[in-house]
Amino acid sequence: MTVSVSLNGAEQRRPSRFGRMLEDRLPYLIVAPAILILLLVGLFPLIYSLIVSFQRITMTENDTSFVGLLNYAELFRDTRLWASLGHTAIITAIALPLELLVGFLMAQLFIDGMPGRQIFVALLVLPTVISPIVAGATWRLMFDVRFGPIGQILSFFAGEPVRILWTVNPAYVYPAIIICEVWQWAPFMFLLLLAALSNVDQSQLEAAEIDGASYLRVLRAIVLPAIAPVIAVACLIRGLDLVRIFDIIWALTEGGPGSMTETVSLYTYVQGFSQFETSYTAAISFLVIALLTLITTLVLKRMELTR
Amino acid sequence: MADVKLSGVHKYYGNVHAVRGVDLSIADGEFAVLVGPSGCGKSTLLRTIAGLEDPDDGTITIGGAVVNDLRPRERNIAMVFQNYALYPYLTVNENIAFGLRARKTPEIEIRKRVGEAAEMLGIGNLLQRYPRQLSGGQRQRVAIGRAIVRKADLFLFDEPLSNLDAQLRDEMRSEIKRLHHEITTTMIYVTHDQVEAMTLADRIVLLRDGKIEQQGAPLELFEQPRTGFVAGFLGSPSINLIPATLKTSGTAAEAVFKSGGSLTLPPAKAALLSGAEERQVLVGIRPQHFSRAGGGGPLREGVVSYSATADLIQPTGTRTFTTIKIGGVDAVAELQAHDVTNHGERIELAIDLNRVVLIDPASGLVIA
Amino acid sequence: MRIGRLPAKKARILAVRYLGAGIVILLFLFPVYWLFMISFKTPDEIYHVPPLWIPEQIQFSNYYVLFKDGDVLAILNSLIVAGVSSGIAIVLGTLCAYSLARYGTGGENLAMWIISQRMIPPIAVVFPIFLIYVHFGLVDGYFGLILLYTAFNLPYVIWMMRGYIVDVPLELEESALVDGLNRWEVIWKVVFPMVRPGLMATSVFTFVFAWNDFLFALVLTRTEVITFPVMLTHYFGGQSNFWAKIAAMSVLGTLPIFVAVSVMQRYLVRGISLGAVKG
């Protein structure tokens with residue numbers, strides 16, 4: 001591609017015309033492969049799905065005629081769908097603030113340096129990076145009514161045998177999911193908040209201390225405003241994850257008992273892969289995308305405002 | 001070795017017209033300094049010569065060949081950047097050799113040239129270190145070394161000393177000057193610091209708003225500025241500009257201040273001012289042209305006496321800068337260290353008006 | 001004397017904080033310990049009532065079974081799929097990120113579109129993808145999963161690497177251009193070495209994402225290329241879970257992640273916060 005010629009006694013490199021062309025087009029050449037894959041695997045299925053959602057394809061019928069908004073109208077009559085959205089909302093509404101709170105408390109505990117902090121932090125990261133399926137499986141072992149340690153510990157404190165069917169009993173199945181969720185993701189919040197807290201302007205804190213401000217006042221006036229953007233991003237990331245929660249529930253309850261803990265992702269999966277309601281599943285997908293887009297836009301708007 | 005010619009060079013950044021028609025010719029072996037306030041287009045011009053920016057109009061010639069369509073690497077130039085641009089993951093040795101390796105120079109030759117350059121810059125003992133282990137001055141030497149080994153036709157410097165502290169800057173400045181004497185390659189140097197420009201340049205090219213305001217030898221620009229901007233930009237402390245009205249009668253002329261008082265201009269200047277009666281001007285007097293009037297003997301031609309109060313005294317050790325009032329405005333006079341010691345002291349000054357510049361406030365041009 | 005009391009007070013606060021740290025560590029690591037321990041227990045010990053907190057002896061038969069039955073192939077599959085897809089995503093994503101960062105290709109719109117790809121819930125695309133894959137015969141093969149995980153990870157890589165590349169001083173690249181490199185060489189010899197820490201951290205995360213994915217793998221694998229999380233769910237079955245296998249498989253499947261993340265601990269925060277916090 002390049003040849004060396006001697007000019008003025010100095011080495012000089014002149015590319016061929018083809019080399020020049022490649023160099024001039026570099027910005028586009030290097031963007032193309034990534035964009036192509038994204039279009040192929042990201043956008044193409046969406047468009048395909050959009051078309052299908054206006055048709056009437058099921059396991060038994062391959063009716064490709066367009067039926068307009070029929071599938072979307074169906075969404076509003078589907079009580080199981082709205083129940084699953086409700087389940088998702090409950091889990092998100094409880095787990096997200098809990099994760100944030102526990103993560104914040106953990107960060108407060110570790111914010112001041114202490115010998116061995118690095119190791120503690122490294123260990124606490126573990127729950128967050130393991131596969132949610134492993135997390136769910138682990139807690140299934142923990143919760144087991146006969147062979148799990150949770151019952152044993154509770155019995156010890158209660159002074160009498162405690163037998164709770166965590167993943168079966170309707171009263172305990174949500175706490176079980178949320179415990180597992182918080183266990184896995186509070187460390188995520190912890191990591192982000194720890195980093196954010198260490199970035200808080202130290203001189204402001206010292207000035208407040210000299211002024212004799214109380215802990216709560218410092219927290220409200222200095223610390224929280226400083227870490228607010230990070231909290232917002234953390235909540236956005238986690239919120240989006242929670243709305244599409246699937247793995248942990250699959251491993252822990254499989255949506256049961258009945259469909260009591262069936263989230264919208266699980267329901268979509270069932271419609272698509274057990275009932276093979278192709279067109280209807282596509283409609284649900286777009287409802288989910290619409291909801292997520294709405295939430296994300298609202299959150300981002302709020303973030304813009306507070307900035 | 002090469003000369004550099006620019007003709008009609010324009011450069012836009014979106015709506016910003018950064019370089020507005022620059023014609024410039026730099027001789028082989030010359031040390032040219034592009035100087036001007038920030039945003040004057042000096043860096044853009046240098047980057048255009050380097051090929052890092054494409055001019056929107058005009059031609060650039062290096063060593064007789066038009067280089068507009070050549071890539072930076074094809075122009076056989078070497079460039080030293082403001083922040084040194086050393087590769088943190090390479091040793092000093094590898095950093096200096098980087099350009100040679102890129103050009104597939106034989107290893108033996110590389111070793112020889114790196115050795116020579118390191119010797120010349122006194123960094124032979126640092127070759128195995130990484131940039132982060134070096135001080136600012138050492139990094140700058142490495143950056144210069146990387147340029148030297150290339151044996152390029154043209155050296156470009158983009159504000160290379162602006163990140164160094166004052167003392168190191170003085171040291172590196174003389175180092176660069178010495179370097180130019182030794183290798184005599186054409187050099188183009190960009191700075192916003194007029195002291196650097198004055199001390200280094202064979203020729204200063206003073207830019208303002210994307211155009212050349214004036215170019216020439218340093219002392220030429222200093223002593224015969226063509227505009228008030230040039231007069232004000234060069235010299236430290238900068239020139240005093242005092243608004244006044246001209247009164248001429250025959251071959252004599254004087255500058256009368258609004259607040260009262262006047263300065264009689266020397267005949268040589270007055271001769272240039274015939275017909276300039278009642279004209280508004282800015283009288284430019286350099287701080288260096290003040291001195292303490294002593295002895296009471298007769299004053300040289302063109303020197304006038306002036307009596308003033310020392311409002312503010314700033315001793316530097318060798319000289320003392322004294323703020324006084326002339327024609328109702330603050331002016332700085334550079335006096336001997338012990339000429340004045342007390343604030344509010346009344347002092348008799350002699351002002352050498354032979355080098356005074358008279359500026360038309362409307363056009364900014366020097367009229368005499 | 002206030003000053004004289006301070007060290008004692010400080011020591012007490014430190015002691016309290018260590019106690020708190022100990023409790024937190026215990027709470028969060030106990031489940032992991034439990035998993036580990038079960039993986040070393042014999043069936044009798046696993047199904048002992050009340051549960052045993054320490055196995056009588058460490059024995060590896062649970063792991064041995066996984067190797068003997070070939071279940072560990074799932075781990076191998078995961079390694080191949082996650083490894084290859086993160087490799088491709090890293091190379092293509094970084095190149096794309098370079099173009100976005102340095103040439104502003106596509107403007108802010110393209111950048112936003114790319115990150116919005118990340119926000120799309122997998123459940124919304126998995127079904128159409130499944131149908132398309134069935135049509136092209138990509139189900140239950142390496143290629144299909146690798147393609148999918150590459151696409152899934154690209155927005156993340158582009159977003160992260162764009163952040164790292166913007167931090168590289170432009171002067172370094174310009175200096176190299178003047179010194180004799182062409183633009184391709186500049187990417188290879190200047191940009192890549194400069195963003196190496198970012199590359200390493202980002203690769204770890206892309207690997208973890210692909211490794212941990214369950215939904216896509218569940219839908220797109222059958223019998224040939226089963227990945228580790230799917231294999232794990234095969235052991236679930238009503239009340240008679242194969243706990244020994246679950247525990248041993250979980251440990252095996254977590255080790256690579258644990259090693260990778262431990263090595264990259266420094267860059268963790270920036271990686272998981274999508275660069276919102278510069279670590």
Side-chain angles (χ1 to χ4, degrees), chain A residues 13 15 23 26-28 30-31 33-34 37-38 41-42 45-46 48-49 106 109 114 120 122-127 129-134 137-139 141-142 146-149 152 183 187-188 191-192 195-196 230 233 237 240 244 246-247 251 265 268-269 272-273 281 285 288-289 292 296, chain C residues 14 17 20-21 24-25 28-29 31-32 34-35 38 46-47 49-51 92-93 95-96 98-99 103 105 117 119-121 123-125 127-129 132 147-148 150-151 154 158 180 182-183 208 212 214-215 229 232-233 243 246 250 253-254 257-258 261-262 265 268-269 272-273 276-277 279:
Chain A
R13 297 174 71 203
E23 201 174 349
L26 174 131
Y28 302 101
I30 61 180
V31 161
I37 292 182
L38 282 178
V41 186
L46 272 185
Y48 178 81
S49 190
M106 285 161 76
L109 187 62
M114 57 166 123
F120 292 155
L123 286 172
L124 283 175
V125 170
L126 195 54
V129 293
I130 67 175
S131 152
I133 289 292
V134 171
T138 306
W139 280 93
L141 302 181
M142 296 279 295
R146 293 178 62 212
F147 318 116
Q152 195 187 4
W183 173 78
F188 169 88
L191 262 192
L192 290 199
V230 174
V233 169
I237 295 176
L240 287 175
R244 56 200 188 201
F246 183 84
D247 305 14
S265 284
T268 314
Y269 179 85
F273 295 96
T281 308
S285 303
V288 173
I289 290 177
L292 279 182
T296 315
Chain C
L14 194 65
R17 287 180 49 225
V24 167
I25 298 273
F28 279 91
L29 290 192
V32 179
W34 195 257
L35 187 71
I38 286 188
I46 292 172
Y47 299 112
V49 181
L92 298 185
L95 287 175
C96 179
Y98 179 79
S99 185
Y103 299 103
T105 313
Q117 289 296 299
M119 307 274 181
I120 292 177
I123 190 70
V125 286
F127 194 61
I129 286 175
I132 295 165
L147 180 67
L148 192 60
T150 303
L154 269 174
I158 294 169
N182 67 40
R183 289 176 179 187
V208 170
N212 284 348
F214 174 63
L215 182 56
L232 202 57
T233 58
W243 281 14
I246 292 176
S250 294
T254 304
I257 301 282
F258 185 57
V261 170
S262 304
Q265 218 224 325
L268 224 56
V269 172
I272 63 175
S273 68
V277 187

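Note that the coordinates shown come from a computational prediction; the quantities given were computed from them, not determined experimentally. Per chain, numbering begins at 1; letters A, B, ... match sequence-line order.
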Colleague: Chain A: which of C:Thr150, C:Ile25, C:Val125, C:Leu14 shares the most heavy-atom pairs with it under 4.5 Å?
Modeller: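 Option with the greatest count: C:Ile25.
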Colleague: Identify which part of A:Leu292 has an atom lying under 4.5 Å from any heavy atom of chain C, answering side chain, backbone, both or neither.
Modeller: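 The answer is the side chain of A:Leu292.
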Colleague: Need one label for C:Ile132: side chain, backbone, both or neither, based on atoms under 4.5 Å from any heavy atom in chain A.
Modeller: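 For C:Ile132, the side chain is the part near chain A, not the backbone.
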Colleague: Given that the side chain runs from C-beta out, which part of C:Val208 has a heavy atom under 4.5 Å from chain A: side chain, backbone, both or neither?
Modeller: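 Interface part for C:Val208: side chain.
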Colleague: Might you point out which heavy atoms bring A:Tyr269 and C:Ile123 nearest each other, and give the distance in Å?
Modeller: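 What the structure gives for the nearest pair is N-CD1, 3.9 Å.
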Colleague: Quick one: which of C:Gly253, C:Ala21, C:Ser262 has the most heavy-atom pairs under 4.5 Å with chain A, could you say?
Modeller: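 Winner by heavy-atom pair count: C:Ala21.
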Colleague: Would you mind checking which part of C:Ile46 comes under 4.5 Å of any heavy atom in chain A, side chain (CB onward), backbone (N, CA, C, O), both or neither?
Modeller: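 Looking at C:Ile46, just its backbone touches chain A.
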Colleague: Can you tell me which portion of A:Ile237 sits under 4.5 Å from chain C's heavy atoms? Options are side chain, backbone, both or neither.
Modeller: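 It is the side chain, since no backbone atom gets that close.
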Colleague: Is chain C contacted by the side chain of A:Leu126, its backbone, both, or neither, given a heavy-atom distance below 4.5 Å?
Modeller: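 Just its side chain gets close to chain C.
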Colleague: Under a 4.5 Å heavy-atom cut-off, does chain A meet the side chain of C:Leu232, its backbone, both or neither?
Modeller: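 The side chain, not the backbone.
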Colleague: Carefully, step by step, assess C:Tyr98 and C:Leu95 under the rule side-chain contact (heavy atoms from CB on, under 4.5 Å).
Modeller: CA-CA 5 Å; C:Tyr98 179 79; C:Leu95 287 175; 5.6 Å; no
Colleague: Which one of A:Pro27, A:Ala34, A:Pro132, A:Ser285 has the most heavy-atom pairs closer than 4.5 Å to chain C?
Modeller: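 When all of A:Pro27, A:Ala34, A:Pro132, A:Ser285 are compared, A:Pro27 has the most.
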Colleague: Measuring from atom CD1 of A:Ile289 to atom OG1 of A:Thr296, what distance do you get when rounded to the nearest 0.5 angstrom?
Modeller: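 Between A:Ile289 CD1 and A:Thr296 OG1, I get 11.0 Å after rounding to 0.5 Å.
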Colleague: Of the listed residues (A:Thr268, A:Asp247, A:Leu26), which shares the most heavy-atom pairs with chain C below a 4.5 Å separation?
Modeller: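 Option with the greatest count: A:Leu26.
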Colleague: Can you say whether A:Leu124 sits under 4.5 Å from chain C via the side chain, the backbone, both, or neither, judging by heavy atoms?
Modeller: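 Looking at A:Leu124, just its side chain touches chain C.
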Colleague: Non-hydrogen atoms of chain A under 4.5 Å away: do they reach the side chain of C:Phe28, the backbone, both or neither?
Modeller: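 It is both, since atoms from each part get that close.
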Colleague: Which residues pass the side chain to side chain donor-acceptor pair (under 3.5 Å) test with C:Thr105, sequence neighbours left out?
Modeller: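 Counting only residues at least two positions away or on another chain, C:Thr105 forms a side chain to side chain donor-acceptor pair (under 3.5 Å) with C:Ser99.
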Colleague: Provide the closest heavy-atom pair for C:Thr254 versus C:Ser250 in the form atom of the first, atom of the second, distance.
Modeller: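 Where C:Thr254 meets C:Ser250 most closely, the heavy atoms are OG1-O, 2.7 Å.
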Colleague: Taking every heavy-atom pair that is under 4.5 Å apart, which of A:Leu46, A:Leu141, A:Leu123 has the most such pairs with chain C?
Modeller: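 Most heavy-atom pairs under 4.5 Å with chain C: A:Leu141.
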Colleague: Heavy-atom pairs under 4.5 Å with chain C: which of A:Trp183, A:Phe246, A:Tyr48 has the most?
Modeller: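 Highest number of pairs under 4.5 Å: A:Trp183.
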Colleague: Could you tell me which portion of A:Phe120 (side chain, backbone, both or neither) has an atom closer than 4.5 angstrom to a non-hydrogen atom of chain C?
Modeller: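 For A:Phe120, the contact with chain C is made by backbone and side chain together.
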Colleague: As an exercise: rank A:Pro149, A:Ala251, A:Pro187 by heavy-atom pairs under 4.5 Å with chain C and give me the winner.
Modeller: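 The option with the most such pairs is A:Pro149.
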Colleague: Report yes or no: does C:Asn212 contribute a side-chain atom to a donor-acceptor pair with the main-chain N or O of A:Val129 at less than 3.5 Å?
Modeller: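 At least one qualifying donor-acceptor pair exists.
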Colleague: Output the distance between atom CD (A:Gln152) and atom CZ (A:Arg146), rounded to the nearest 0.5 Å.
Modeller: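 The CZ atom of A:Arg146 is 13.5 Å from CD of A:Gln152, to the nearest 0.5 Å.
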Colleague: Give, as side chain, backbone, both or neither, the part of A:Ser265 having an atom under 4.5 angstrom from any heavy atom of chain C.
Modeller: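 Contact with chain C: backbone and side chain both.
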Colleague: With C:Arg183, which residues qualify under salt bridge (charged side-chain N to carboxylate O under 4.0 Å, His left out), at least two apart?
Modeller: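 Expected list: none.
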Colleague: Given a strict heavy-atom distance threshold of 4.5 Å, which part of C:Ile120 is in contact with chain A: side chain, backbone, both, or neither?
Modeller: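 Both parts, backbone and side chain.
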Colleague: Given a strict heavy-atom distance threshold of 4.5 Å, which part of A:Leu240 is in contact with chain C: side chain, backbone, both, or neither?
Modeller: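 Just the side chain, heavy atoms under 4.5 Å.
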Colleague: Please step through side-chain contact (heavy atoms from CB on, under 4.5 Å) for the pair C:Thr233 and C:Phe214, ending with a clear verdict.
Modeller: CA-CA 10 Å; C:Thr233 58; C:Phe214 174 63; 3.4 Å; yes
